[in-house]
2 protein chains.
Amino acid sequence: MPSEMSTVHLLREVAVQFGLRSAEFAAANGMHPTDVRALICLLDAERAGEPATAGRLGARLGLNSAGTTGVVDRLVRLGYVRRERDPHDRRRVRIVVDERAVALGEAAFGPLIGRIVDLLRTFTPAERDAIHRFLLGTVAAADPD
Amino acid sequence: MPSEMSTVHLLREVAVQFGLRSAEFAAANGMHPTDVRALICLLDAERAGEPATAGRLGARLGLNSAGTTGVVDRLVRLGYVRRERDPHDRRRVRIVVDERAVALGEAAFGPLIGRIVDLLRTFTPAERDAIHRFLLGTVAAADPD
DNA sequence: GTCAATTATCTCGCTGAGCGAGATATTATC
DNA sequence: GATAATATCTCGCTCAGCGAGATAATTGAC
């Protein structure tokens, strides 16, 4: 019967570890931690079918517009991403991820994701549902909206 | 019945949101994201009764020794932390957190932690246990040791 | 006991990530 | 059609964090 606080600290530990794994992967590929986080955000947006503009990316990374331009420049230079003007609102720049970026993401985080999926499968459906609801609630608690 | 993958993505989302909140708090207090992460690590170590040396801090933050010296210098300058030579192994520098740092941490993350604790209390003991075990397993899956 | 090897931290010099301020281009408002 | 609001980019600058190497303390081998 673990205390509520120990569970909260575990949650933080997960965040710390995810950050460390991203940073290690970044260093191993000549990228910066922010670049990896950006790529993850862009892949997430792509999967969710969301726009993926420069502005949204910056907000999600906590960067201002200048910093955002810098990240996108680096990803473009590495060939993981390209810029496309949004035809409907030509102020916007849509950021399109290349297949190479998808492959990179899988190579980097596939094994970790696989281990977590395996872990989830050791729980009953009811338990999995509770875990999912808890994480949903945590995101809501952390996201001011 | 959410898919395993959607739960994994939620977990990543939690990590992203925690990072954002830390970065916002850092900016609001004239600190850098790394400084806040360092403070959290030091407070965690203190609570767990672990040593909290410069080297361990650097490893946990993914910094090399030069960068670690820099973080500690900044925290010392801000008065949140002080250096103390370990009497048993005088190569080591123990990093002692000030009460001000504890108060700062509570002010910054207390409300969020409170919301998550409240959230946990909406689950049955069995569900809470499953959540805790899942997070334990996730840390193990992410931490190469 | 002493000399080398190892460990923990720090210093120095440098690169570049990300900030603030402001420019530019596009769209919405009146 | 002028004005305001929005989205992104450019420029110049600061400082976080890296690599290389110095310093100091400890451990191990002989």
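Order of the sequence lines fixes the chain letters, A, B, ..., with proteins taken first and strands second; residue numbering starts at 1 for each chain. Here the structure is a predicted model, which means the values were calculated and not measured.
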Can you tell me which nucleotide in [options] comes closest to the side chain of [X]?
X: Ser65(B); options: dT6(C), dA16(D), dG21(D); answer: dG21(D)
X: Thr53(A); options: dT8(D), dA16(D), dT7(C); answer: dT8(D)
X: Thr69(A); options: dG17(D), dT10(D), dA7(D); answer: dT10(D)
X: Thr34(B); options: dT11(C), dG17(D), dG18(C); answer: dG17(D)
X: Asp89(A); options: dT6(C), dT27(C), dA17(C); answer: dT27(C)

Whole angstrom value for the distance that separates [atom2] of [N] from [atom1] of [X]:
X: His32(A); N: dT15(C); atom1: NE2; atom2: P; result: 13 Å
X: Arg85(A); N: dT8(D); atom1: CZ; atom2: P; result: 8 Å
X: Arg94(B); N: dC10(C); atom1: CZ; atom2: C1'; result: 20 Å
X: Ile95(A); N: dT8(D); atom1: CD1; atom2: C1'; result: 10 Å
X: Arg92(B); N: dT27(D); atom1: CZ; atom2: C1'; result: 12 Å
X: Leu78(A); N: dA17(C); atom1: CG; atom2: P; result: 10 Å
X: Leu75(A); N: dA17(C); atom1: CG; atom2: P; result: 11 Å
X: His88(B); N: dT27(D); atom1: NE2; atom2: P; result: 12 Å

Exercise. If only atom types and distance count, is the side chain of Arg85(B) paired as donor or acceptor with the main-chain N or O of Arg90(B) below 3.5 Å?
Worked result: yes

For this session: Going by the side-chain contact (heavy atoms from CB on, under 4.5 Å) test, name the single residue among Ile113(B), Ile116(B), Val117(B) that passes it with Glu4(A).
Result: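 Only match with Glu4(A) under side-chain contact (heavy atoms from CB on, under 4.5 Å): Val117(B).
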
Problem set entry | 5′-ward residue of the pair Val71(A)/Asp86(A) relative to DNA chain C |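 Nearest-nucleotide comparison on DNA chain C picks Val71(A).
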
Exercise. When the nearest nucleotide of DNA chain C is assigned to Arg90(A) and to Val72(B) on a heavy-atom basis, which residue is associated with the more 5' position?
Worked result: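 It is Val72(B), whose closest nucleotide lies nearer the 5' terminus.
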
Do [X] and [Y] come close enough that some side-chain heavy atom pair is under 4.5 Å?
X: Leu104(A); Y: Phe25(A); value: yes
X: Thr122(B); Y: Arg133(A); value: no
X: Arg47(A); Y: Asp44(A); value: yes

At 4.0 Å (heavy atoms only), tell me whether [X] reaches a base, stays on the sugar-phosphate, or touches nothing.
X: Ala54(A); value: sugar-phosphate
X: Gly70(A); value: nothing
X: Asn64(B); value: base
X: Thr68(B); value: nothing
X: Arg83(A); value: sugar-phosphate

Problem set entry | Side-chain donor/acceptor of Arg91(A) to base of dT8(D), under 3.5 Å |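 Side chain to base: no pair present.
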
Problem set entry | Nearest-0.5 Å distance, CD of residue Glu13(B) to OG1 of residue Thr138(A) |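 If we round to the nearest 0.5 Å, Glu13(B):CD and Thr138(A):OG1 are 11.5 Å apart.
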
